[in-house]
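Because the structure is predicted, anything quoted here is derived from the model rather than measured.
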Amino acid sequence: MDERQIRQAVLETLKSIAPELDAGQLKPDQPLRRQVDLDSMDWQNVIAGLHEKLDVDIAASDYASIATLDALVGCVGEHLAAPTAAPATDSAGYPCGLDHPCTLFDGRQVRIRPIHPEDARIEADFVRHLSTESRYERFMVSMSELSPDKLKYLTNVDYEHHMALVATEAHTGSEIEVGVARYVVVPGTTRCEFAIAVDDAWQGSGLAGSLMAALIDIAQKKGLTEMEGFVLSANHKMLKFARQLGFKTEHDPDDWQTVHVLRKL
């Protein structure tokens, strides 16, 4: 594709997310978010839309450098020209190729990577640090911290049928977990169930969207065809977030306290 075709595809993607966009009035060298009403989740949908339309994977580490239309078009062009490589794994099967830095839309920086068994301590601290409401919305039971068996289950994953990504912040030579997203494949199907939790202080930063975008991308590359989740019907923020990600929602006729969300991959 030449630059004109790429620019047209980018504008079409932006228009699909922000129908009010007037391409003729857009200043290509000025920040998009000052000209178009795009919140952090809308921006994630732009990235996802470009992936679907042009089969380009824009890394979260590039987000800070694609603020303008010109920069976004240039970034897409570079990705189209570059060869793709399969994610690397180490000798133990840990998918180290999925480890990457991420600059969030509020400017904060995190590292997103697959979880491993040595993360048990920071996972336990993360859950312990969540507010009572956030813990209940994630686990749907009242609890103060994880049991040893549950902690082992959440951190000792096989990366094939159970994938989990953590977001960590560097702090005095160590890592603090600030978010986690995972999916578990439903046995005998190409469908998976997801769950996500973000530290209360990081909600609204775009972190949840970055985690889910990475998780959905992995699920697609693994050949999974559907992703589902179960959300408390009172958790309106999560239901809105799921809809922004393209999930369809329906009430469980046997349990009106939860909503079933489903997305084709």
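Classified by interplanar angle (parallel below 30°, tilted 30° to 60°, perpendicular above 60°), the ring pair H116/Y94 is perpendicular.
The backbone N or O of M143 sits less than 3.5 Å from a side-chain atom of R135, completing a donor-acceptor pair. Counting only distance, with no hydrogens or angles, the side chain of S134 and the backbone of L130 share no donor-acceptor pair below 3.5 Å. Distance alone, capped at 3.5 Å, places no donor-acceptor pair between the R111 side chain and the E169 backbone. Between the side chain of D200 and the backbone N or O of S131, at least one donor-acceptor pair lies under 3.5 Å. Here the side chain of H79 pairs no donor or acceptor atom with the backbone of V56 at under 3.5 angstrom. T225 contributes no side-chain N or O that, together with a main-chain N or O of L265, makes up a donor-acceptor pair within less than 3.5 Å. In terms of modelled atom types and a separation under 3.5 Å, the side chain of S210 and the main chain of G206 share a donor-acceptor contact. Put simply, the side chain of Y159 gets close to the backbone of I115: a donor and an acceptor are under 3.5 Å apart. Side-chain atoms of K248 never come within 3.5 Å of backbone atoms of V261 as a donor-acceptor pair (strictly under, hydrogens ignored).
Shown here is Q30, whose CD atom has more than 12 heavy atoms of other residues, nucleotides or ligands within 6.0 Å. Other residues, nucleotides and ligands contribute over 12 non-hydrogen atoms within 6.0 Å of the CD atom of E20. In the displayed structure, E145 atom CD is contacted under 6.0 Å by more than 12 heavy atoms of other residues, nucleotides or ligands.
Connection of I122 to I196 is not established within any shared hydrophobic cluster, with ILVMFWY side chains joined at heavy-atom distances below 4.5 Å, either directly or through further cluster members. In this structure, L224 is not a member of the same hydrophobic cluster as V186, with clusters built from ILVMFWY side-chain heavy atoms closer than 4.5 Å.
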Residue pair Q35, L26: steps toward the side chain to side chain contact (heavy atoms under 4.5 Å, CB included) verdict:
CA-CA 7 Å; Q35 304 178 75; L26 202 61; 3.7 Å; yes
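For H162 and Y183, the ring centers sit 6.0 Å or farther from each other. Proximity of the aromatic rings of F230 and F194 is defined here by a centroid distance below 6.0 angstrom, and this criterion is not met.
Side-chain contact between Q109 and C102 is absent, with no heavy atoms from C-beta onward closer than 4.5 Å.
Taking the charged nitrogens against the carboxylate oxygens, R263 and E226 have no contact shorter than 4.0 Å, which rules out a salt bridge. Between D125 and R128 there is a salt bridge, since a side-chain N of the basic residue sits under 4.0 Å from a carboxylate O of the acidic one.
Side chain to side chain, R113 and H100 fail the donor-acceptor criterion of an N or O pair below 3.5 Å.
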